[in-house]
J.: 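Following this message is one structure expressed as structure tokens.
In what follows, chains are A, B, ... by sequence order, proteins preceding strands, each numbered from 1.
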Amino acid sequence: MAALQPVRGTHDLLPDDFRRHRAVSDAAAETALRYGYEQIATPIFEFSAVFNRTLGDTSDIVTKEMYSFDDRGGDNITLRPENTAGVCRAFMSNGLAQQAPVRHFYAGPMFRYERPQKGRLRQFHQFGIELIGAPQAQGDIEVIACGAAIMETLGLKDRVTLELNTLGDSASRDAYRAALVAYFQDHLAALSDESKDRLGRNPLRILDSKDEGDRRIVAGAPSFDEYLNTESQEFFAAVREGLETLGIAYALNPKLVRGLDYYCHTAFEFTTTELGAQAAVLAGGRYDGLMEMMGGPATPGVGWAAGIERLAMLADSPAPPPGIVAIVPLGEAAERRALQLAETLRRDGLRVDWAFSGAMKKRMKRADKVGATHAVILGDEELVRGVAQVKDMAQGGQSEVALDGLGPALKAAQAARATG
RNA sequence: GUGGCUGUAGCUCAGUUGGUUAGAGCGCUGGUUUGUGGCACCAGAGGUCGUGGGUUCAAAACCCAUCAGCCACCCCA
């Protein structure tokens, strides 16, 4: 293993990458704030039980993808593979039930030991929102609307589709699950090995199998509609009606299933066809049973998580930060003066770059390379007179400006340039 | 975890049926005289050919292993 290689499935975010990354999370945060959500941060690691209990002990995430280890005190710790469980844990730890309903959003790294692919990393970043303590369908609608608004802000509205399904309440789901298991048991021999395995862990997944043989069997499987009780049907109808009221287009996908055990009722996913197998770009649902699974009081919740890297790949590349200014001192005295000058300009709110060495030509070249709007040329002669030559890098023109008031002058010049 | 494709300078890639000092474009450095970038021209630096074995007189090219990326499955954001 090459020591200078990053760990498999991780990568560095260099300025260009990071700008994309930031553009996505900033846009999402700004939108979430407008929906009344506030940012929180939970620890990157939790006691393993937080995830074991909530994600279901048969899910792939828990059984083979968690980064778990014993710490020096002997506690079993896990690097968070997702953040909903952590947010719920925080909700209970901090007694936030008093303030319910509570609206939170988060952004940060998650860890899953998966086989890397484009848009699938071992350390990846999610942005997500959670609405806790709201059992009403309005909650589902709001949360989806917020997701849709973010897609729109990122310019992805026409490049993603919202897929929607209901998993019903736990009574409906248990009944359906039992019926499905019974049905598939009868056809066990014809099922693919993978689906045989799924039968024990997550039978709903078989419905979405890509295996030819499975599909034939699935065609005759009982349909969820027959098992959805009135309450669940009404709830789903309310969600759909709300989305229609808001003009949010969606496609019903009865095969849309959640991988994690805590979901019920609404399940949704914004998907794209532009990222290969990694189609889901923002996905979530309702998780009314989660808090109880964790040993707390029954508390309803809805939320979603979005893959920041995936969105960053789809969204337009943001422009680099504008308006940097380059200082070009000539000679030792000027060099010393430049130190102060740079500081002053920075306090005036300008972005300042300067090469620490090199002849004028080299420094001018650098000024050009970093995209400076202006070069502030400071030589011995200017120094005595308390002025600098300010060169407009785009126009090529140059004028003399007094060092006092250089900051405001540069800002004015940049502003004029930006508008003109 | 399963199957497949790929791996040559900082980047994108070329490298004929294994055969002398491994190439290009971009980028980088320096120069085209003195305190002025972009353009052009000239010159230059930079490569353990992913890594480790093996076959061969000879391997970047063939074989094996390993690591990494990518694709599909799987899983999911």
Side-chain angles (χ1 to χ4, degrees), chain A residues 1-11 14 16 24 28 55 59-65 81-84 107 109-128 147 160 192-195 197-198 201-202 205 208-211 256-260 268-272 275-285 303-314 326 328-331 334 355 358-383 388-398:
Chain A
M1 173 171 311
L4 296 182
Q5 208 166 266
V7 172
R8 185 174 202 199
T10 68
H11 68 259
L14 300 180
D16 278 356
V24 170
L55 304 182
S59 75
D60 275 22
I61 291 183
V62 169
T63 55
K64 43 195 190 202
E65 294 182 0
E82 58 95 44
N83 208 169
T84 299
M110 309 294 158
F111 306 85
R112 256 121 100 157
Y113 189 86
E114 292 189 277
R115 185 141 171 189
Q117 242 177 74
K118 194 183 213 68
R120 192 213 256 179
L121 299 161
R122 287 273 254 194
Q123 177 181 333
F124 61 104
H125 297 78
Q126 285 188 333
F127 179 97
V160 297
S192 67
D193 289 346
E194 246 157 22
S195 287
D197 192 42
R198 285 191 271 234
R201 296 187 295 117
N202 195 346
R205 278 254 174 251
D208 204 18
S209 174
K210 284 168 187 159
D211 183 86
L256 181 64
V257 169
R258 299 282 65 166
L260 309 179
F268 58 90
E269 225 166 73
F270 285 86
T271 60
T272 172
L275 294 178
Q278 276 60 250
V281 113
L282 183 156
W304 51 253
I308 295 180
E309 284 86 352
R310 290 184 185 178
L311 288 173
M313 281 190 278
L314 293 179
V328 180
L330 307 167
M360 181 176 197
K361 187 166 185 166
K362 187 179 165 186
R363 295 181 190 228
M364 287 302 290
K365 214 163 188 167
R366 181 182 167 88
D368 186 54
K369 218 167 44 190
V370 300
T373 58
H374 301 269
V376 176
I377 301 159
L378 191 65
D380 291 335
E381 195 220 332
E382 284 83 4
L383 212 50
Q389 303 297 330
V390 173
K391 177 163 186 171
D392 183 317
M393 295 299 282
Q395 241 100 77
Q398 191 164 303

J.: I'd like the P distance from B/rA45 over to B/rC62, given in whole Å.
T.: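 Nearest-Å result for B/rC62 against B/rA45 at atom P: 31 Å.
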J.: Using a heavy-atom cut-off of under 4.0 Å over every strand shown, decide if A/L330 touches base, sugar-phosphate, or nothing.
T.: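 The answer is base, as A/L330 lies within the cut-off (heavy atoms under 4.0 Å) of a base atom.
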J.: Is there a side-chain contact between A/R198 and the phosphate of B/rC75, meaning an N or O under 4.0 Å from OP1 or OP2?
T.: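 Yes, A/R198 has a side-chain N/O under 4.0 Å of OP1/OP2 on B/rC75.
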J.: For A/R366, enumerate each residue passing the side chain to side chain donor-acceptor pair (under 3.5 Å) test, keeping only those at least two apart in sequence or located in another chain.
T.: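 Residues passing side chain to side chain donor-acceptor pair (under 3.5 Å) with A/R366: A/D353.
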J.: Looking only at side-chain N and O atoms, does A/E82 offer a donor or acceptor that is under 3.5 Å from a partner on A/Q126?
T.: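 Judged by distance alone, the side chains do not pair up.
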J.: What about A/R120, does its side chain sit under 3.5 Å from the base of B/rC74 through a donor-acceptor pair?
T.: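 Answer is yes: a donor-acceptor pair is held.
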J.: Does A/K210 place a side-chain N or O at less than 4.0 Å from the phosphate oxygens OP1/OP2 of B/rC73?
T.: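 Yes, within the criterion.
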J.: In B/S/- notation, 5' to 3', how is nucleotides 4-11 of chain B contacted by protein heavy atoms closer than 4.0 Å?
T.: B-------
J.: Assign A/R310 to base, sugar-phosphate, or nothing according to its heavy-atom contacts below 4.0 angstrom with the strands shown.
T.: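 Touches a base.
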J.: Applying a 4.0 Å non-hydrogen cut-off, can you work out what A/G119 is touching in the nucleic acid: base, sugar-phosphate, or nothing?
T.: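 Since a base atom lies under 4.0 Å of A/G119, the category is base.
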J.: Which part of the nucleic acid, if any, lies within contact of A/G9, taking any heavy atom under 4.0 Å across all strands shown: a base, the sugar-phosphate backbone alone, or nothing?
T.: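 Contact class for A/G9: sugar-phosphate only.
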J.: Who pairs with A/D392 by side-chain contact (heavy atoms from CB on, under 4.5 Å), at least two apart in sequence or on another chain?
T.: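 Here the qualifying residues are A/H374, A/A394, A/Q395, A/R417.
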J.: Rounding to an integer number of angstrom, what distance separates B/rU20 and B/rC57 when you compare their C1' atoms?
T.: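 About 14 Å, rounded to a whole number of Å.
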J.: Can you build the contact string for nucleotides 36-52 of chain B? Use B for base contact, S for sugar-phosphate-only contact, and - for no protein heavy atom under 4.0 Å.
T.: BBB--------------
J.: Tell me, please, which residues at least two apart from A/D368 pass side chain to side chain donor-acceptor pair (under 3.5 Å).
T.: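 For A/D368 there are no side chain to side chain donor-acceptor pair (under 3.5 Å) partners, ignoring immediate neighbours.
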J.: How far apart are the C-alpha atoms of A/E309 and A/L121, what are their side-chain angles, what is the distance that settles it, and do they pass the side-chain contact (heavy atoms from CB on, under 4.5 Å) test?
T.: CA-CA 9 Å; A/E309 284 86 352; A/L121 299 161; 3.8 Å; yes
J.: Classify the nucleic acid contact of A/R363 as base, sugar-phosphate or nothing, counting any heavy atom under 4.0 Å across all strands shown.
T.: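 A/R363: no heavy atom of the nucleic acid under 4.0 Å.
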J.: Applying a 4.0 Å non-hydrogen cut-off, can you work out what A/L378 is touching in the nucleic acid: base, sugar-phosphate, or nothing?
T.: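 Counting heavy atoms under 4.0 Å across all strands, no contact is made by A/L378.
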J.: Both distances under 3.5 Å, Watson-Crick or G-U wobble: on that basis, could you give the dot-bracket string for RNA chain B, with [ ] for crossing pairs and | for other-strand partners?
T.: (((((((..((((.....[...)))).(((((.......))))).....(((((..]....))))))))))))....
J.: What heavy-atom pair brings A/A283 and A/E269 nearest, and what distance separates the two atoms?
T.: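 Heavy atoms only, the tightest pair is CB-CG, 3.4 Å.
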J.: Under 4.0 angstrom, heavy atoms only, what part of the nucleic acid is A/A305 near: base, sugar-phosphate, or nothing?
T.: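 Here A/A305 touches the backbone only, sparing every base.
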J.: For the side chain of A/E381, starting at C-beta, report the closest nucleotide among B/rA72, B/rG35, B/rC75.
T.: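 Out of B/rA72, B/rG35, B/rC75, the nucleotide with an atom closest to A/E381's side chain is B/rG35.
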J.: Could you check how far NE2 of A/H11 sits from C1' of B/rC67, rounded to whole Å?
T.: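 Those two atoms, NE2 and C1', are 19 Å apart.
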